[in-house]
Amino acid sequence: MDPLAGEALDSWLAAIADRTQTAWSDMLAALRPTASDATTGHSLQRNWVVYLRPDEAANIAAATGVDPAVIGAMTLARYEGTALMIDKARRCVTRAFPWARARHARYCPCCLADTTGRWQLQWRLGWAFACTVHRCLLVDTCPDCGQTQKLNPHVGEDIPQLARCATRAPHGSGGPSARCDGDLTTAEVTSLAGDHPALLAQQTLLDIISADRASFGVYAAQPTVSRGALADIRAVASRVLAYASQEDIAERLPDDLATAYEQVRSSPLGSGQSPNPANKPGMAAPTRAATAAVGVTIALSILGAPDIEAAGAALRWIVHRGRRNGVAVNTTTAPEWGRGVSTTLTAVQLNALAPFMKPSDQLRYRTATAIPSNPPQGDSNAERLAHQLPSMFWPAWSLRFTVPPCSPLQMRPALSAAMMLVGTKLNLTAAAHRTGSAVTAAGVSRSLHFLSNDPRWADSLIALARLGDYLRNRAVID
Ligand SMILES: [Zn+2]
Ligand SMILES: [Zn+2]
């Protein structure tokens with residue numbers, strides 16, 4: 001009885017029990033390393049699929065004749081660091097990793113039918129929402145009882161039923177251990193036609209996880225490890241799910257998925273946002289496959305843009321929706337989108353926020369550059385710039401930036417002060433002071449106001465940010 005490719009450990013063991021007509025508890029007793037093992041019964045079988053100790057893997061290998069490495073790869077430990085993190089002592093998936101684990105196993109009824117009830121390990125991941133073989137959304141619940149799967153282990157005295165619902169039967173029918181026994185292969189699926197973006201999104205996720213690397217779209221210039229990319233995708237997906245209206249979703253996704261999402265939003269299990277604190281939408285993986293599919297597919301359509309600027313433009317509607325919903329979406333709140341995001345997502349966020357920023361902040365976050373960034377802590381950048389800048393900006397440069405009604409005499413110190421903001425945390429007053437008080441904060445603000453109202457502001461911003469970057473780097477070399 002060989003394991004199938006990608007099969008979960010408990011599925012394979014249940015299949016052996018089914019083939020040999022062995023009660024589940026007898027099966028586990030035969031595989032357990034020693035009688036003195038403290039972890040027994042239900043907790044053992046529930047946790048084996050998370051992580052096997054070497055002696056346990058060796059024992060199962062000895063009992064079944066299958067290589068211990070193959071057996072270990074059937075546990076969630078195979079995704080350690082790429083799709084989740086495991087607390088080996090407690091044998092559980094930690095919350096540290098973005099969307100590590102769904103609270104239940106989703107399933108593809110067609111896969112179950114094709115394999116007479118063998119379960120894929122990846123259905124346990126919070127990132128699994130579609131079957132790319134059968135081109136459908138995964139199913140969350142039993143077609144008979146409507147409960148989620150694999151929260152309850154098999155009944156010890158019974159022979160496992162492979163493609164049957166193992167959750168407790170509704171109250172009052174049968175004894176305490178009676179199971180629903182619904183036929184999971186008959187569950188209705190949401191089919192996803194052709195090269196559906198949700199299927200492409202699912203494949204992209206699986207590729208990121210298996211390669212531990214993201215190099216698509218915005219990551220092409222600076223590839224990141226799986227963990228960083230998944231944190232980014234979660235951050236964007238969670239805001240999509242929190243801010244988007246049904247019309248926003250319908251505009252951006254094919255009808256089949258938008259409709260499936262509309263249905264789960266109004267179902268008893270909800271859209272899957274409820275377990276999260278109000279200020280942290282999407283921190284935990286969505287309960288429903290359709291919800292994960294909507295969030296991830298739209299997030300990947302944004303992060304799949306060819307560069308930061310295009311991704312920023314694609315993200316901007318979410319900033320608009322958040323603001324329309326009365327949420328402060330700005331450079332201060334952007335980090336709250338999610339922990340552990342990459343500098344690439346930060347750059348995309350800053351680009352998206354740029355039109356809402358004051359001119360001084362556009363300089364500060366270098367929004368016109370290829371990779372906008374948060375200014376670093378401390379004032380080392382400001383120190384470097386201060387050493388390179390005259391208090392009166394160079395005349396030839398100043399001429400190009402002098403717009404009416406400002407005179408060159410007003411513009412020159414204002415430009416020196418404005419330059420001091422590029423990539424630094426200095427406020428206008430401190431920047432003006434650094435010019436030897438050749439200008440006041442109000443003077444800088446006024447000059448920037450006229451400069452930013454000029455039709456050439458976008459180009460001016462690029463030039464000033466690049467000059468700021470150049471001067472800072474030259475200071476390092478000096
Ligand atoms: Zn399938
Ligand atoms: Zn059921």
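Whatever order the structure lists ligands and atoms in, that order sets their numbers, starting from 1. Worth knowing before you read on, the calculation uses all heavy atoms, side chains too, and leaves out hydrogens, waters and symmetry mates.
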Start with the C-alpha distance between Arg124 and Asp10, add both sets of side-chain angles, then the distance that settles salt bridge (charged side-chain N to carboxylate O under 4.0 Å, His left out), and finish with yes or no. CA-CA 12 Å; Arg124 305 286 177 91; Asp10 54 349; 2.5 Å; yes

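In this structure, SG of Cys108 and SG of Cys131 enclose an angle of 120° at the Zn ion (ligand 1), rounded to 10°. Vertex the Zn ion (ligand 2), arms ending at SG of Cys142 and SG of Cys145: the angle is 110° after rounding to 10 degrees.
Between Tyr107 and the options Trp119, Trp123, Phe129, a ring-ring contact (aromatic ring centres under 6.0 Å, His included) holds for only Trp119.
Note on His134: its N/O/S atom closest to the Zn ion (ligand 1) is ND1.
Salt-bridge check for Arg91 with Glu56: passed, with a basic side-chain N closer than 4.0 Å to an acidic carboxylate O.
Of the N and O atoms on the side chains of Asp248 and Ser245, at least one donor lies less than 3.5 Å from an acceptor on the other residue.
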